[in-house]
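Here, residue 1 is the first one in the sequence, and each next residue gets the next number. Keep in mind that this is a model prediction, so the values were computed, not measured. Basis for what follows: all heavy atoms, side chains included, without hydrogens, waters or symmetry-related copies.
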Amino acid sequence: MRRLIAVSREGARMGRFIAVSRSIRIALGLLRQEMGSLRVMLGYLLGMTFLALALNDFFGYAMEIKEPVNIWEAFIVMGNQSIPGRFWVLGYLFVIADAPFVRRNTYMLLYRSGRWVWNMGMLLYVLIQAFLYLGCFAAGSVIAGIPSGFSGRLWSSPVYLLATHSSNTIAEKYHIFFDGAALMEHMTVLQAFGITFLYLFCYAAFLGILLYVCNLILGGFWGLMAVAAVHVGGAVLSFAGRLHQSPVYYVDGAGSWWRYPGMMAVCIFAMAFVSMTAAGRVDIQAR
């Protein structure tokens with residue numbers, strides 16, 4: 001009897017492993033298809049355009065201070081500018097605007113793998129695109145700072161002056177704002193870089209999963225409307241000081257910076273559960 005139970009448990013584990021591996025293959029296969037799409041390329045181009053504009057302002061400010069900056073700081077400062085930072089996600093939404101990604105081979109995948117595995121593959125694809133999209137932002141900002149910057153764990157003088165509002169006249173000229181005094185006190189540059197990337201990734205993943213779930217259940221129009229409402233509503237709340245997506249507003253030395261990623265993770269898992277329930281009921285062919 002024990003042997004039968006052990007065999008059944010082993011079989012269940014193997015079944016889960018096979019399902020996960022198939023989901024990963026489906027996500028990577030869709031990624032290969034989509035990266036050659038004109039819509040996806042235009043989405044990345046839009047995002048990199050926003051990045052170039054922000055980099056021009058940041059390095060213009062640094063040049064006027066006449067001090068070198070840490071190559072990791074450009075991404076940190078730009079990613080913590082609240083309202084301006086929300087424009088970054090627009091290119092990503094353009095990249096995944098075609099959710100739930102029904103293609104010519106979708107019906108074959110549904111037949112061979114099942115709806116649950118296919119749905120998991122689509123969710124994973126959304127997360128991969130969020131990571132790649134923001135990875136391009138992070139890499140681009142670091143590369144742009146190499147010619148005139150330095151690397152390491154220490155903060156630079158221009159960013160310190162920016163955080164302590166000692167360079168307000170120059171900062172206003174270049175539209176650069178950074179309330180990062182607490183962040184600089186409790187974190188090194190590399191730690192701040194990582195937490196900023198995590199916050200932006202959580203927000204992008206949340207919007208991406210929301211778009212996918214709404215498109216899967218209700219159709220493309222309602223998905224875009226839901227994401228637009230959440231995005232604009234979040235910007236209004238951030239402007240009013242009610243809800244922020246930047247770690248500079250959560251750092252207090254007591255680990256409170258994990259509160260926002262935790263909240264986003266709960267929302268993402270809840271929407272993923274809804275999608276798994278809905279995937280077995282919706283008429284995917286009609287999409």
Side-chain angles (χ1 to χ4, degrees), residues 19-48 85-103 105-106 109-110 113-138 197-231 234 245 260-280 282 284 287:
V20 171
S21 63
R22 286 179 177 175
S23 299
I24 294 174
R25 288 200 300 268
I26 289 173
L28 294 179
L30 180 60
L31 181 66
R32 287 193 296 269
Q33 293 178 359
E34 289 289 281
M35 291 308 285
S37 167
L38 178 61
R39 171 181 46 78
V40 172
M41 289 188 288
L42 288 176
Y44 274 85
L45 180 61
L46 177 63
M48 297 309 290
R86 290 182 180 268
F87 285 99
W88 286 17
V89 80
L90 297 181
Y92 167 68
L93 294 177
F94 199 70
V95 169
I96 62 169
D98 200 30
F101 316 110
V102 177
R103 301 292 181 265
N105 64 336
T106 297
L109 293 174
L110 290 171
S113 301
R115 288 174 174 242
W116 188 86
V117 172
W118 173 82
N119 178 69
M120 290 299 296
M122 298 301 102
L123 293 173
L124 182 59
Y125 167 75
V126 171
L127 298 179
I128 291 174
Q129 279 288 19
F131 185 85
L132 292 178
Y133 181 80
L134 292 172
C136 290
F137 270 70
F197 185 92
L198 177 62
Y199 270 56
L200 292 174
F201 173 76
C202 286
Y203 184 67
F206 168 71
L207 289 185
I209 299 296
L210 176 64
L211 176 64
Y212 169 77
V213 171
C214 291
N215 281 4
L216 179 68
I217 299 174
L218 302 174
F221 173 78
W222 292 107
L224 292 174
M225 288 295 292
V227 168
V230 170
H231 189 57
Q245 71 173 68
Y260 180 85
M263 180 180 65
M264 289 290 101
V266 170
C267 294
I268 290 171
F269 280 116
M271 290 187 295
F273 177 78
V274 171
S275 73
M276 288 189 290
T277 303
V282 297
I284 297 176
R287 305 298 178 194

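Counting all heavy atoms, side chain and backbone alike, N215 lies closest to A97 at ND2-O, 4.0 Å. The minimum heavy-atom distance linking W118 with P100 is given by the pair CZ2-O, 3.5 Å. Heavy-atom minimum distance, S275 versus N119: OG-ND2, 3.1 Å. Here the closest non-hydrogen pair linking S23 and L124 is O-CD2, 4.2 Å. In this structure, A204 and L134 approach most closely via the heavy-atom pair CB-CD1, 4.2 Å. Minimum heavy-atom separation, M35 to M41: O-CG, 3.8 Å.
Side-chain contact check for Y212 versus L207: every heavy-atom pair is 4.5 Å or farther apart. Between I26 and M122 the shortest side-chain heavy-atom distance falls below 4.5 Å. Contact check for I209 versus L127: side-chain heavy atoms found under the 4.5 Å cut-off. Two residues are said to be in side-chain contact when any heavy atoms from C-beta on lie closer than 4.5 Å; V274 and I217 meet this criterion. Contact check for S21 versus R25: side-chain heavy atoms found under the 4.5 Å cut-off. Using a 4.5 Å cut-off on side-chain heavy atoms (C-beta onward), L200 and V89 make no contact. Side-chain atoms of L42 and F94, non-hydrogen and from C-beta on, do get closer than 4.5 Å to each other. Contact check for M120 versus R22: no side-chain heavy atoms found under the 4.5 Å cut-off.
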**Message:** V40 vs I96, test: side chain to side chain contact (heavy atoms under 4.5 Å, CB included). Steps then yes/no.
**Reply:** CA-CA 8 Å; V40 172; I96 62 169; over 6 Å; no
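A donor-acceptor contact under 3.5 angstrom links the side chains of Y44 and Q129, judged on distance only.
Ring planes of F131 and F197: perpendicular class, angle over 60° (limits at 30 and 60°).
In this structure, the ring of Y203 has its center no less than 6.0 angstrom from the ring center of Y199.
Formation of a donor-acceptor pair under 3.5 Å by the S37 side chain with backbone atoms of Q33 is not found in this model.
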